[in-house]
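These numbers come from a predicted model, not from an experiment. Residue numbering restarts at 1 for every chain, and letters A, B, ... go by the order of the sequence lines.
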2 protein chains.
Amino acid sequence: MDLRQLRYFVAVARERNFTRAAEILHIAQPPLSRQIQLLEEELGVALILRKSRPIKLTDAGRLFYEQALQVLGRVDQLKDATRRVGMNRNRLLSIGFVASTLYGGLPVLVRRLRQSVPELDIQLLELVSIQQIPALKEGRIDIGFGRLKHSDPNVTSTVLREERLVAALPEGTPLADTDAPLPIEAIAGQKLIVYPKEPRPSYADQVLALLQEADIHPSEVLEVREIQTALGLVAAASGICIIPSSARQMRSDVRYRVIDSPRAVSPVILNHRAGDSSHYVEMVKNLIQEMYAENPAWLEANNVRPPR
Amino acid sequence: MDLRQLRYFVAVARERNFTRAAEILHIAQPPLSRQIQLLEEELGVALILRKSRPIKLTDAGRLFYEQALQVLGRVDQLKDATRRVGMNRNRLLSIGFVASTLYGGLPVLVRRLRQSVPELDIQLLELVSIQQIPALKEGRIDIGFGRLKHSDPNVTSTVLREERLVAALPEGTPLADTDAPLPIEAIAGQKLIVYPKEPRPSYADQVLALLQEADIHPSEVLEVREIQTALGLVAAASGICIIPSSARQMRSDVRYRVIDSPRAVSPVILNHRAGDSSHYVEMVKNLIQEMYAENPAWLEANNVRPPR
DNA sequence: CCAGACTATACCCTGAAGGTATCGTGGTAA
DNA sequence: TTACCACGATACCTTCAGGGTATAGTCTGG
């Protein structure tokens, strides 16, 4: 498959007419027909119903059309962004992050970074903690915000804060009766949902280790790919889930109770290459200090109110 | 630009070696070098630093690499999804929605629809209300959830509910002192942020019309592209913003006060083609009725608690 | 049922992508 | 410092995919 074929198909779908589409594309009509046929052949699926005038898209065609538009848009963005970084000789700072930091201070940090260094291009990549280490070493990212400790000598880590863990509970169940801290023992015998399923080790293992340590055994453990799914299942009363405090914003149709154990915390860790001399790393650290200074609640171990 | 070139570049970036990359791609090394050169030429940007071994990516190259990976992934998904819909002869239900319904019942509806008709493929397209009308007529979507009334005879509308509007206020400002309903007059003289900027008419006009009607004039009106930006500006104390109640979940670092006026509501409207005989439309309507029956709070005009 | 609009088929041609041979060069080890 | 080598660039040839032209087949509206 080829971007050309996507462009051709989009033109045909838009015009609902091969001849006009061919004119717009500045090619003759027969090659256009042929490219569409080739595309359909490769996919093994009919995209266009030709035995009606004007032609119609099949269901597959409708889906293909919308997705193709998005892909083409993405490619244009890709070109523009690359040119911008390349031409303006802008520096690029590539930041890896675990999803939960999106609900913490990351957006604010990025906004401030953009403000204070407008000529800096910032690339954000969602990577689970363990993927950040090789990504740093390979230069795919310059900074990583993760949740797992590691021991790679080439990567320097700083624990930014320890965040309280909370249990997400289905509304209407006995455990969700109160907002009071939840004794960790209460999790024993419950159906537990953990995420992300892979790659391991991940935050899921951190949660499981916490329970292991306290010798607490859920009745069942269900692994899902991401936190959205996990909370969705909680909302559907399929089990309970343990998330960092800041991720509480994600859904309001489940109940949250802070877990009543000093061990029930998850760190937020800043990673960067050990030898990295770029002053942007330093700047990021300073901005974070600034943010914490403005909002000391983020640093409180007992951050019961979700940080922004 | 061409998908082939993306694949080639990704291989080179991964291997950090043209020769090995060429082997993996099952082509000779010289053509690979040439394709990368062509790519760099088209972009007008150097992607690879060749005067070091092993080769390194430039900043532009790093960005291009990550984006290219995502584009290629997207293309694969596109193929798979199209095949699935085409081969399985699955029906496709294409649903257009305005962003705010994402924070309302839409996710639940989609989940239930998937449950009750597993063989149905569902495509979700974010479209502002006014885009939904042509999208319905052209067959791009089968169902639209919008917020604006229209008068096109080919599209049938049903008002599902009237949702209360709330004001988003920066924390720490006088208006944010209390959670009590906000008299609409209090908005006079405030700096108001509205969204989306385009295409018009949009929800922004609905808000502006409401104020116009009450003869209330903000000191300034700032138009932004989307609600995220609007709420971000509110959080940064750049003004206040009026949003549907259900969108309150989006940020917890701003204060919300229900607007104390019976006119301060925004409908949620279900649109579909007037002649559509597909029983999926009927099924969606039934599911919605069911959901409202289970959760009458959604229907209360005074929905002070955000519906899920 | 016919006219007209429109898509598919047949066949040719051109240029871009790929191959082979070879040169130039940065990195490295003695 | 030099000499070797791994590796990318260049030059030039070949092939075939994509595009063009002519024309046949088909759907729709009057």
Side-chain angles (χ1 to χ4, degrees), chain A residues 1-58 60-62 64-65 68 72 75 79 138-139 275, chain B residues 1-58 60-62 64-65 68 72 75 79 138-139 275:
Chain A
M1 188 149 57
D2 193 341
L3 287 183
R4 191 187 327 107
Q5 293 177 317
L6 295 193
R7 296 201 181 93
Y8 286 6
F9 180 80
V10 165
V12 172
R14 234 186 227 136
E15 294 300 318
R16 287 168 161 59
N17 178 316
F18 280 71
T19 312
R20 273 204 307 280
E23 279 166 22
I24 289 171
L25 295 167
H26 303 295
I27 61 171
Q29 168 262 315
L32 176 58
S33 289
R34 198 149 58 86
Q35 288 302 323
I36 302 293
Q37 285 168 9
L38 286 174
L39 182 60
E40 291 181 317
E41 201 175 303
E42 178 181 348
L43 294 169
V45 162
L47 300 176
I48 295 180
L49 294 169
R50 295 165 168 84
K51 45 185 58 181
S52 85
R53 303 245 175 98
I55 54 176
K56 275 183 145 179
L57 299 187
T58 63
R62 291 199 297 161
F64 192 89
Y65 173 65
L72 292 174
V75 169
K79 278 192 201 172
E138 288 164 16
Chain B
M1 188 150 53
D2 195 337
L3 287 184
R4 191 187 327 108
Q5 292 176 316
L6 295 192
R7 296 201 181 95
Y8 286 7
F9 180 80
V10 165
V12 172
R14 233 186 227 137
E15 293 301 316
R16 285 168 161 62
N17 179 316
F18 279 70
T19 312
R20 272 204 307 281
E23 279 167 22
I24 288 172
L25 294 167
H26 303 294
I27 61 171
Q29 169 261 317
L32 176 57
S33 289
R34 199 151 56 85
Q35 287 303 320
I36 303 293
Q37 286 168 7
L38 286 174
L39 181 60
E40 291 181 318
E41 202 176 301
E42 179 181 349
L43 293 169
V45 161
L47 301 176
I48 296 180
L49 295 168
R50 294 164 168 84
K51 43 185 59 180
S52 86
R53 299 233 184 111
I55 55 176
K56 274 183 144 180
L57 299 187
T58 63
R62 291 200 296 158
F64 192 87
Y65 173 63
L72 292 175
V75 169
K79 278 192 204 175
E138 288 165 16

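- Shown here are the salt bridge (charged side-chain N to carboxylate O under 4.0 Å, His left out) partners of E23(A), two or more places apart in sequence or in another chain: there are none.
- With sequence neighbours left out, the ring-ring contact (aromatic ring centres under 6.0 Å, His included) criterion links Y8(A) to no other residue.
- From L47(B), atom CG reaches atom CG of L57(B) across 8.0 Å, with rounding to the nearest 0.5 Å.
- Applying the side-chain hydrogen bond (donor to acceptor under 3.5 Å, both in side chains) criterion to T58(A), with sequence neighbours excluded, gives no partner residue.
- L39(A) CG to K79(B) NZ: the interatomic distance, rounded to the nearest 0.5 Å, is 10.0 Å.
- Read 5' to 3', the first and last nucleotides of DNA chain C with an atom closer than 4.0 Å to a heavy atom of chain B are dA17(C) to dG27(C).
- The distance between atom CG of D2(B) and atom C1' of dG18(D), rounded to the nearest whole Å, is 12 Å.
- With rounding to the nearest 0.5 angstrom, the CG atom of L43(A) is 5.5 Å from the CZ atom of F64(A).
- With sequence neighbours left out, R4(B) forms a side-chain hydrogen bond (donor to acceptor under 3.5 Å, both in side chains) with D2(B).
- Two end axes, each from the C1' atoms of five base pairs, can be drawn for the helix from dC1(C)-dG30(D) to dA30(C)-dT1(D); they diverge by 40°, to 10 degrees.
- Applying the side-chain hydrogen bond (donor to acceptor under 3.5 Å, both in side chains) test to R20(A) and every residue at least two apart in sequence or in another chain returns E15(A).
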Sequence-aligned protein contact record of nucleotides 7-13 of chain D, with B where the base is within under 4.0 Å of a protein heavy atom and S where only the sugar-phosphate is: BBBB---
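- In this structure, the CG atom of L3(A) is 17 Å from the C1' atom of dA17(D), given to the nearest Å.
- The main-chain N or O of M1(B) is found under 3.5 Å from a side-chain atom of E42(B) such that the two form a donor-acceptor pair.
- A salt bridge (charged side-chain N to carboxylate O under 4.0 Å, His left out) check over residues 31-41 of chain A, counting only residues at least two apart or in different chains, returns the pairs E40(A)-R50(A).
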